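Here is the structure we will look at.
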Amino acid sequence: MREKSSIKRGVSLYSFQEEYFLRKMSLEDCIAKAASFGAKGIEIIGEQMVPGFPKLTDAFLEQWFGWMKKYDAVPVCHDMFLDFKKFKGKILSKEEQLQSIIRDLQFANKLGCKVIRVIVSTSPELMELAAPYAEKYDVKMGIEVHSPWHIDNAWMKKHYETMEKTKSPYLGFIPDMGTYTKRLPRVLIENLLRKGADEKIATYVTEAYEKGVLSEYIVGEVRSMTSKPIDLMVAEQTRFYSYTNPRQLLPYMDRIFHIHAKFYEMLEDETEYSIPYEEVIEVLKLGGYNGYLSSEYEGNRHIQDVYEVDSVEQVRRQQAMFKKLLGE
Amino acid sequence: MGPLDKFMLSDHSLLVTDSGCDLIIRSHWYRSLPLSCIGNIGLKINEKNIPSENISFEVNGKIFSFNELGNLYQEWWFILDSAILHIENNFLEEGKEYKVELELGLLIPYVLVGPDGQPMLSSSKLSKNLLSRRKKN
């Protein structure tokens, strides 16, 4: 019998993007489904699911908190974006970037979210400027550690130095578990095979990736085998995925505010094809993590050409796996 | 190429109007974008190219010319809403099948690429045979 962990379960409603887009599921349905799996922590992308974003009407807020009560759920995280280039021919100035972050902090605060996901391209300098506002609105800012970045690379090290320098308890990380992709997603490779990729090349690429061969070498090798764009695309995929040892998270545990439990394909036996969650969760337990593991399904784009996407069943399976691994 | 390309047009997207035709479209991106992020709209109906200056764009109950879109950074195209492309002087027959080729280029404002930091252009193309219907007033 596993000891019950203090890690909490949640769902990023991004997971249901396909059914939501097709109007098969409303925002309320998404919240209800997540909660029905015992995943009570709700993560939302304002631009995706809040009509009238960035404005929040009283009517929407009343509905939102009503749903939370009805389904015994809690708002946890809003995923923010920094639209650097929304103006024609000009990039946002630093002051405009700061105002954009403040807007999202206020938005999260009104929704009752205590954390925002800060998009990976946000600079450490901007985080430092925003920290006093994060404190003012009592919303923690977690920079998303998204593959191919990982928590120990130069960009994240600069972020960590800023966290240490400011000593702000409002600056931290949101690691995306896509960083622990041990095998390339099968759904991704099968999609490329359907588009005409060569089976032998796909096998070479997936095996080389699993062995840890550098992406540069894989791409180089495939270039020597073929010039077909679709085959080169198979090789190029290895640049966007990464596997690092999850123990790299341990020194940063007190700075980890939230976790994106990315997944591509949950199998019938309730394991993930690419990401070894058993390894990941052991590390999180060891480090005493007590925030949310937030399901983030991203397999729909690879299978929608041939199958009807069932994000709900995919999330159900992942949450069932978490229950087992967390000893619930 | 976006994750939701194939949903840009539905079987009921092509409408015959008194001044030409309308095409009802959905975005192909997973989050809402300001209209300033619409980079290009390419449209062909039965191989005939429709210049973008002949297209006006309706969303949130407001109609804009294609050239206005670039400045509309506070007007959002919500992800669940359809937009209507109004095409002037392109008269179609009612109840006839037309080959519609749509290309929608969205400038993703938070993904900057290349040495000059330009927004990533996510361009989706879809070709579909659509039966034209009379627009109900």
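Model, not experiment: these values are computed from the prediction.
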Should the heavy atoms of other residues, nucleotides or ligands under 6.0 Å from OH of A:Y273 be counted, would the total exceed 12? yes
Nearest 0.5 Å, please: how far is CD1 in B:I79 from CZ in A:F53? 13.0 Å
Taking non-hydrogen atoms and a cut-off under 4.5 angstrom, which of residues 49-68 of chain B neighbour chain A? B:N67
By a 4.5 Å heavy-atom criterion (distance strictly below it), what part of A:L92 contacts chain B: side chain, backbone, both, or neither? neither
Gap between atom CE of A:M49 and atom OH of B:Y30 - 0.5 Å precision: 11.5 Å
Would you say that more than 12 heavy atoms from the other residues, nucleotides or ligands in this model lie under 6.0 Å from the OH of B:Y73, or not? no
If we only count heavy atoms from C-beta on, is the B:P119 to A:F84 side-chain gap below 4.5 Å? no
Measuring heavy-atom distances to chain B, does A:V50 have an atom under 4.5 Å in its side chain, in its backbone, in both, or in neither? backbone
Tell me every residue that passes salt bridge (charged side-chain N to carboxylate O under 4.0 Å, His left out) with A:E95, counting only those two or more places apart in sequence or in another chain. none
Residues that B:R31 engages under salt bridge (charged side-chain N to carboxylate O under 4.0 Å, His left out), provided they are two or more places apart: A:E47, A:D83
Looking only at heavy atoms, which two atoms of A:S121 and B:Y110 are closest? And how far apart? OG-O, 4.0 Å
Identify the heavy atoms of A:Q304 and B:K6 that sit nearest to each other, and give their distance. O-NZ, 2.5 Å
At a 4.5 Å cut-off on heavy atoms, which part of A:I119 comes close to chain B: side chain, backbone, both, or neither? side chain
To the nearest 0.5 Å, tell me how far B:S32 OG sits from A:I45 CD1. 10.0 Å
For B:E47, the side chain to side chain donor-acceptor pair (under 3.5 Å) test, sequence neighbours excluded, returns B:K99
Side chain / backbone / both / neither for B:L80 at chain A, heavy atoms under 4.5 Å: both
Exceeds 12 heavy-atom contacts within 6.0 angstrom, atom NZ of A:K228: yes
Side chains of A:E18 and B:F7: does their closest heavy-atom pair fall under 4.5 Å? yes
